[in-house]
> 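Sharing a structure with you now.
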Amino acid sequence: MADTTRKEDFANDLFPIQDTLEEMHHVNNPVLDLPRIEKQYLSQVTGYTQERNSFYFTDGRSKVEVKVFSEEIIRVRLAPEGSFLEDFSYAISFKEDNYVSYELKETETHYHVKTNTVTCSVKKSNFFISFSEEDGEVLNNDFSAMHWEENQDYGGYYVYCTKEAQSDEVFFGLGDKASNLNLRGRRVKNWNSDTYSYAFNQDPLYKTIPFYIGITQGKAYGIFFDNTFKTFFDFASENQNQTSFWSEGGELQYYYIHGPQMIDVVKRYHSLTGTHYLPALWALGYHQCRWSYYPENKVRETAYEFRKREIPCDAIYLDIDYMDGYRCFTWNKRYFPDPKKMIADLSANGFKTVVMIDPGIKVDDSYWVFKQGQQNNYFCRRGDDYFMEGFVWPGRCQFPDFTNPEVRQWWGTLYKGLVEDGVAGFWNDMNEPAVFGRGTFPDDVRHQFEGHRGSHRKAHNIYGMQMVRATYDGLKKLYKNKRPFTISRAAYSGTQRYSSVWTGDNIATWEHLRIGTLQLQRLSVSGLSFCGTDIGGFTGEPDGELYTRWMQFGVFSPFMRVHSAGDTRDREPWSFGPDWEKICKKFIELRYKLLPYIYTSFWLQHKYGEPILRPIALIEQHIAKNLQREEEFTFGSQLLVSPVLHPGQLEKIVYLPEGTWYYYFDNSTYEGGKEHSIATPLDEMPFFVRGGSIIPEYPVMQFTGEKKVESLQLNFYFALGQHESTLYSDHGETFAYEQGVYVEKHFIADCTLSSVSIMQGEQGIYTPYYSDFKLYLIGLPLVPKTVKVDGLQVNLEKDAEGHAFIKIERDFKKITIH
């Protein structure tokens with residue numbers, strides 16, 4: 001069949017195509033309008049979906065998850081393009097509450113995710129998020145919608161959250177920041193850094209704890225920004241009515257933690273991130289450290305002097321000079337020819353030995369640790385697959401990737417030889433990680449990150465935490481049923497599950513003594529209660545007065561250790577002459593007297609999440625003026641101290657919270673709720689006991705466990721009303737308490753002007769060594785005529801100093817005094 005299509009028709013059919021071609025522009029880059037890199041904000045909410053306790057709100061592009069973790073904890077997550085990262089955190093140890101009550105209520109303007117305690121409201125028109133109490137009172141709300149900015153160099157986003165800062169609002173927390181307790185007006189950075197001899201307000205320091213507490217209208221809440229990248233917080237610094245937190249990568253993910261009391265916020269933060277492991281009792285004694293005690297005869301001489309002078313001490317530390325060429329897990333046999341025998345001899349005299357381990361492994365093909373790491377590909381690599389190498393104490397080093405579970409398991413086995421030699425504790429240093437010359441690892445170093453992968457930008461702030469985790473987990477296996485003791489310089493939220501911490505390389509100045517009191521209070525309310533400073537200052541030269549005043553503060557530091565650099569004068573308690581030695585000895589002995597109270601405080605932290613050091617703001621947040629107080633704090637709930645922070649200071653003004661308080665050194669009473677002028681002679685410091693308390697005391701020992709305490713002293717300080725006290729006991733070094741082998745005694749004292757009753761209850765199945773109590777009655781307003789214990793009359797006795805006490809069986813049920 002012939003083709004009848006005319007040529008003209010065919011040409012006409014082409015005209016539309018030709019018109020289109022004439023309109024097209026041929027350029028090298030077909031994308032004509034590249035999007036600008038700028039901040040993007042959430043817009044109007046268009047809807048939501050629900051999966052169990054998670055509610056997903058969207059503006060058509062982005063998603064926000066609001067997840068109910070408990071009645072008081074709600075998490076918020078942002079996915080800028082609608083896809084969330086895998087839900088993983090090194091910080092969180094929380095087991096979700098499957099029985100929490102929650103619901104979503106929709107109004108014309110808001111979505112409200114409600115529990116019985118707190119409501120998270122999402123405003124439909126602009127995606128602003130707020131948190132309020134049951135009665136509708138808003139404690140925390142957005143100033144602007146959550147926002148983000150694309151990171152072209154690394155992928156992902158810079159993420160931002162900006163909240164309203166109320167005019168009366170104050171802020172606490174964030175770990176070891178060397179600044180005033182109240183952070184309002186400050187902008188800070190979280191990037192773990194080796195900051196030798198840091199200054200007041202210098203930032204950042206060694207630890208990243210992205211958790212803060214806000215107090216407004218007398219009520220407290222917490223924000224935990226769980227992001228391991230470099231993070232920033234602005235507490236009404238740039239704008240007085242705004243508080244912001246942001247990060248250079250990762251997700252915008254934060255937990256709102258409801259109070260309304262500050263201590264409730266801290267305890268609930270612990271429910272998310274875990275509490276401290278319960279330390280062995282010896283770890284709470286006095287520790288002596290120096291860079292460095294070597295050779296062996298110097299270590300022995302130091303131990304000998306402690307026992308000769310009868311100054312209590314439980315541990316001596318060996319810094320990096322014990323190693324062979326600074327190679328970790330080795331001994332310098334010239335300095336320590338028989339370390340096993342030395343450690344055994346020290347142990348026989350009541351001393352535990354603690355040694356340092358750094359993350360840098362010397363590049364040396366004849367070094368067994370390096371060879372194992374190389375053979376198994378355990379060391380960190382750069383972006384282009386070269387090994388991450390840097391110089392630290394041994395010279396050129398490579399560094400394990402502690403974000404790899406296999407590497408952590410290997411690292412834990414490396415302690416075997418030192419444990420077999422008798423080493424009792426380990427000190428992980430330089431784990432920010434620190435590298436000479438450049439400060440830390442380059443950003444392109446790669447990490448396994450539990451299979452989630454990431455560059456050092458993501459892993460930097462958790463590197464030290466994962467190192468000490470590897471240490472702790474390895475030691476738990478090697479020590480069998482004995483509790484490990486670990487200490488770490490770097491940390492991230494959750495490190496308390498594995499380690500104690502100290503505040504790094506401070507300076508022997510009065511200013512640094514003050515900074516230390518601030519840092520330990522801040523660390524304690526930030527989840528790291530087992531904390532201490534280098535008593536006397538790491539670098540610089542203290543005189544006898546500064547050293548001694550610091551020692552007094554050290555008694556009330558949860559971790560009590562003297563430490564100093566090798567180019568400074570000796571720092572033993574006798575180094576400044578006999579007058580200062582006498583005072584230091586008196587206060588170290590006080591530490592040992594208070595050990596049953598201190599140990600109980602650690603149990604209350606471990607089991608219930610109670611902070612050990614408590615600022616006045618935590619105790620009386622309802623009094624606005626107290627939110628600015630910094631120099632007084634309590635150890636547990638019943639002992640209050642106010643360290644002397646100035647040379648030549650012979651008195652200071654001390655605020656005592658509401659109630660009755662006893663000055664420890666003479667039992668004189670002071671009314672609480674006001675300030676008092678307290679004399680501060682060199683051999684005393686402002687130290688008070690809360691009225692109504694029952695404080696246990698040991699006899700003075702040269703080391704923990706030196707004596708079997710057959711009769712435990714209890715000091716009862718009278719105060720009107722009803723008061724509770726706790727006493728905890730267990731084996732002191734094993735994990736048997738996890739199977740209930742402990743005893744937690746509760747005392748309830750009910751006091752009037754004419755009578756006192758004390759009841760006792762207990763939990764646990766442990767039988768303590770002591771068979772009875774000697775109960776001392778302090779400050780009674782009555783002369784006892786009858787004293788009955790479980791219905792039977794007993795007589796008051798007096799000790800050699802004329803102090804009255806009652807001797808009673810340890811399992812009494814009720815004491816009545818009329």
Side-chain angles (χ1 to χ4, degrees), residues 277 279-283 287 289 292-300 303 314-362 364 366-373 375-376 378 394 400 402 406-429 467-488 498-500 703-705 731-736:
Y277 62 89
L281 185 59
W282 70 264
H287 295 193
C289 183
S292 292
Y293 284 126
Y294 75 97
E296 178 179 325
N297 66 336
K298 179 63 176 175
V299 179
R300 291 181 178 273
D314 261 276
I316 292 181
Y317 285 57
L318 305 181
D319 210 312
I320 53 177
D321 294 292
Y322 82 90
M323 303 176 191
D324 176 15
Y326 306 130
R327 295 169 179 84
C328 292
F329 308 103
T330 68
W331 288 98
N332 184 320
K333 289 305 182 74
R334 183 162 66 93
Y335 296 152
F336 299 95
D338 192 349
K340 193 167 189 174
K341 184 178 188 311
M342 178 194 73
I343 293 171
D345 291 346
L346 289 172
S347 179
N349 208 5
F351 291 96
K352 299 293 193 293
T353 302
V354 180
V355 304
M356 175 185 282
I357 294 291
D358 289 345
I361 300 301
K362 184 176 178 61
D364 177 358
S366 64
Y367 173 31
W368 61 279
V369 177
F370 178 74
K371 284 167 63 177
Q372 287 183 20
Q375 290 166 1
N376 292 285
Y378 287 157
F402 296 112
E406 185 180 342
V407 175
R408 290 199 302 273
Q409 185 175 7
W410 166 71
W411 186 260
T413 67
L414 299 179
Y415 290 90
K416 184 173 185 291
L418 293 173
V419 169
E420 290 175 347
D421 288 337
V423 175
F426 293 89
W427 167 21
N428 286 172
D429 196 11
M467 177 188 181
V468 80
R469 174 188 182 182
T471 299
Y472 182 78
D473 288 347
L475 293 175
K476 278 189 76 172
K477 296 176 182 176
L478 293 169
Y479 283 129
K480 310 298 185 199
N481 194 35
K482 284 191 176 180
R483 302 173 208 165
F485 170 67
T486 53
I487 176 172
S488 175
Y498 315 112
S499 185
S500 62
F703 55 92
T704 55
H731 287 300
E733 63 175 5
T734 74
F735 284 98

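The shown structure was predicted, so the numbers you read here are calculated from the model rather than taken from an experiment.
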> Counting only heavy atoms not in Gln372 (residues, nucleotides, ligands), do more than 12 fall under 6.0 Å from its CD?
yes
> Are the side chains of Trp410 and Val369 in touch, meaning some heavy atoms are under 4.5 Å apart?
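When only atoms from C-beta onward are counted, Val369 and Trp410 do touch, with a gap below 4.5 Å.
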> Identify the heavy atoms of Asp324 and Trp331 that sit nearest to each other, and give their distance.
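Smallest interatomic distance, heavy atoms only, reads CB-O, 3.5 Å.
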> Any sub-3.5 Å donor-acceptor pair from Tyr498's side-chain atoms to Met467's backbone N or O?
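It does not hold such a pair.
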> Could you report the tightest heavy-atom contact between Val354 and Ala315, atom names first, then the distance?
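In terms of heavy atoms, the two residues are closest at CG2-CB, 4.3 Å.
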> Of all heavy-atom pairs between Phe402 and Pro359, which one has the smallest distance, and what is that distance?
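Distance-wise, the nearest heavy atoms are CE1-CB, 4.0 Å.
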> How many angstroms lie between atom NZ of Lys482 and atom NZ of Lys480, to the nearest 0.5 angstrom?
12.5 Å
> Please determine whether a side-chain nitrogen of the Lys or Arg among Arg408 and Asp473 lies less than 4.0 Å from a carboxylate oxygen of the Asp or Glu.
no
> With rounding to the nearest 0.5 angstrom, report the OH to CG distance, Tyr378 to Asn376.
4.0 Å
> Is there a donor-acceptor pair under 3.5 Å between the side chain of Thr353 and the backbone N or O of Tyr317?
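Checked: no pair found.
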> Quick one about Ser292 and Asp321 (side-chain donor to acceptor, distance below 3.5 Å, no hydrogens or angles considered), yes or no?
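Checked: Asp321/Ser292 side chains pair up, N/O donor to acceptor below 3.5 Å.
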> How long is the straight-line distance from OH of Tyr367 back to CD1 of Ile361, given to the nearest 0.5 Å?
4.0 Å
> Indicate yes or no for a side-chain donor-acceptor contact from Ser488 to the backbone of Ser499 under 3.5 Å, with no hydrogens or angles considered.
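Judged by distance alone, no pair lies under 3.5 Å.
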> Do Met323 and Cys328 touch side chain to side chain, with heavy atoms closer than 4.5 Å?
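Heavy-atom side-chain distance check passes, below 4.5 Å.
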> With a 4.5 Å cut-off on side-chain heavy atoms, are Val299 and Ile316 touching?
yes
> Rounded to the nearest 0.5 Å, how far does CG of Asp421 lie from CD1 of Ile343?
5.5 Å
> Begin from the C-alpha positions of Asp319 and Trp427 and carry the test side chain to side chain contact (heavy atoms under 4.5 Å, CB included) through to its verdict.
CA-CA 9 Å; Asp319 210 312; Trp427 167 21; 3.3 Å; yes
> Report yes if some heavy atom in the side chain of Asn332 is under 4.5 Å from a heavy atom in the side chain of Tyr322; otherwise report no.
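Side-chain contact under 4.5 Å: no.
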> Is Trp368 close to Thr330 at the side-chain level, that is, under 4.5 Å between some pair of heavy atoms?
yes
> Closest approach of Thr471 and Tyr415, non-hydrogen atoms and distance?
OG1-OH, 2.7 Å
> Judged by atom type as modelled, is there a donor-acceptor pair below 3.5 Å linking the side chain of Asp364 to the main-chain atoms of Phe370?
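Absent.
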> For the CH2 atom of Trp282 and the NE2 atom of His287, what is their distance to the nearest 0.5 Å?
5.5 Å
> Without swapping roles, check the side chain of Lys362 against the backbone of Pro394 for a donor-acceptor pair under 3.5 Å.
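Present.
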> State, to 0.1 Å, how close Glu296 and Pro337 come at their nearest heavy-atom pair, and which atoms those are.
OE1-CD, 3.7 Å
> For a side-chain contact (heavy atoms from CB on, under 4.5 Å) with Met356, tell me which candidate from Leu318, Ile320, Ile487 qualifies.
Ile320
> CD1/Ile357 to CG/Leu414 distance, rounded to the nearest 0.5 angstrom?
8.5 Å
> Under a 3.5 Å distance rule, please check whether Thr734 uses its side chain to pair with a backbone N or O of His731 as donor and acceptor.
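Side chain of Thr734 to backbone of His731, a donor-acceptor pair under 3.5 Å: no, none is there.
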> Do other residues, nucleotides or ligands put more than 12 heavy atoms under 6.0 Å from the NZ atom of Lys298?
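Check passes, neighbour count above 12.
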> Considering all heavy atoms of both residues, which atom of Pro400 and which atom of Trp411 are nearest to each other, and what is their separation?
CG-CZ3, 3.7 Å
> Quick one: is the NZ or CZ of Lys476 closer than 6.0 Å to the six-membered ring centre of Phe735, and within 45° of its axis?
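Verdict for Phe735: a cation-pi partner in Lys476.
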> Fit a plane to each ring of Tyr335 and Tyr294, take the angle between them on a 0 to 90° scale, and name the class: parallel (under 30°), tilted (30 to 60°) or perpendicular (over 60°).
tilted
